[in-house]
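Counting convention: from 1, in listed order, for ligands and their atoms alike.
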Amino acid sequence: MAAKNTAQVRSWIEKAERVVALTGAGISTDSGIPDFRGPQGVWTKNPVAEKMSNIHYYLADPEVRKASWQNRLSSPAWSAKPNPGHLALVELERRGKLHALITQNIDELHQIAGNSRERIIEVHGTMRKFMCWDCGMRGPMQRVLDRVRAGEEDPHCRDCGGILKSDTISFGQQLVPEVIDQAMQAAAQADLFMAVGTSLQVYPVAGTVDAARQAGARLVIVNAQPTPFDDVADALFDASISEVLPEIISGRGSAARSLQ
Ligand SMILES: [Zn+2]
């Protein structure tokens with residue numbers, strides 16, 4: 001039976017030297033960025049949105065790209081602010097505990113909150129940059145969004161004429177092997193591993209949990225829905241992430257609901 005006691009987890013963090021956190025969409029929902037697959041998720045509500053996230057449809061169909069650019073323009077992430085869950089992970093770094101922050105999120109709210117870039121491993125890339133599918137050029141996303149605002153419906157690369165997209169891993173696209181290796185290595189060095197707001201259902205990223213456990217790390221899971229690792233977790237919280245994380249990291253706030 002996994003502990004649900006925040007004080008217990010706090011004492012583990014106190015003793016830990018290399019905490020590795022893996023974060024997913026759940027940590028950003030309290031910042032107003034919807035989850036893809038949750039009950040209020042983008043895909044659950046609009047199956048067409050899933051097509052826009054698929055690289056094959058995206059490359060093949062200008063209409064899918066036009067819809068994608070409009071979608072990027074109106075993304076809630078542009079005005080989103082980090083929430084207490086993000087800030088708790090910043091505090092963990094300030095205390096010298098955070099070895100690595102592996103994130104499946106593309107919103108850069110960890111960077112905006114104040115975690116240093118060298119600690120963050122973005123396994124799915126970032127929506128705040130664009131990339132050219134043909135020549136690989138990258139740059140700030142707002143530069144391309146300015147062109148969309150000015151009337152270009154499907155802007156192409158100014159260097160080579162190639163198709164532009166966000167610098168994120170779309171469905172049907174390979175993850176970057178070097179980035180995954182980096183995440184695996186960091187996880188294998190953890191003495192405490194925290195999986196936050198992620199369903200842990202997709203490999204290879206879920207493999208970071210296996211790597212950490214094999215290295216003997218304690219496993220803390222904070223997620224609203226069950227995960228395949230719940231049975232082996234040392235502590236499990238299904239309450240609000242923006243309440244639980246401040247509580248287990250700094251003892252602030254109230255995660256009383258998780259104690260029921
Ligand atoms: Zn190009």
Q: On the 0 to 90° scale, with breaks at 30° and 60°, tag the Tyr203-Phe229 ring pair as parallel, tilted or perpendicular.
A: tilted
Q.
Let's test this: below 2.8 Å, count the protein N/O/S atoms around the Zn ion (ligand 1).
A. 4
Q.
We want to know whether Thr227 and Ser199 form a side-chain donor-acceptor pair, criterion being a heavy-atom distance below 3.5 angstrom.
A. no
Q. How far apart are the closest heavy atoms of Val64 and Met52, and which atoms are they?
A. CG1-CA, 3.8 Å
Q | Ion pair Glu93/Lys97, N-O distance below 4.0 Å | A | no
Q.
Checking Pro228 now: which residues fulfil side chain to side chain contact (heavy atoms under 4.5 Å, CB included) with it, not counting sequence neighbours?
A. Leu200, Gln201
Q. In Å and rounded to the nearest 0.5 Å, what is the CE to CG distance from Met194 to Leu101?
A. 10.0 Å
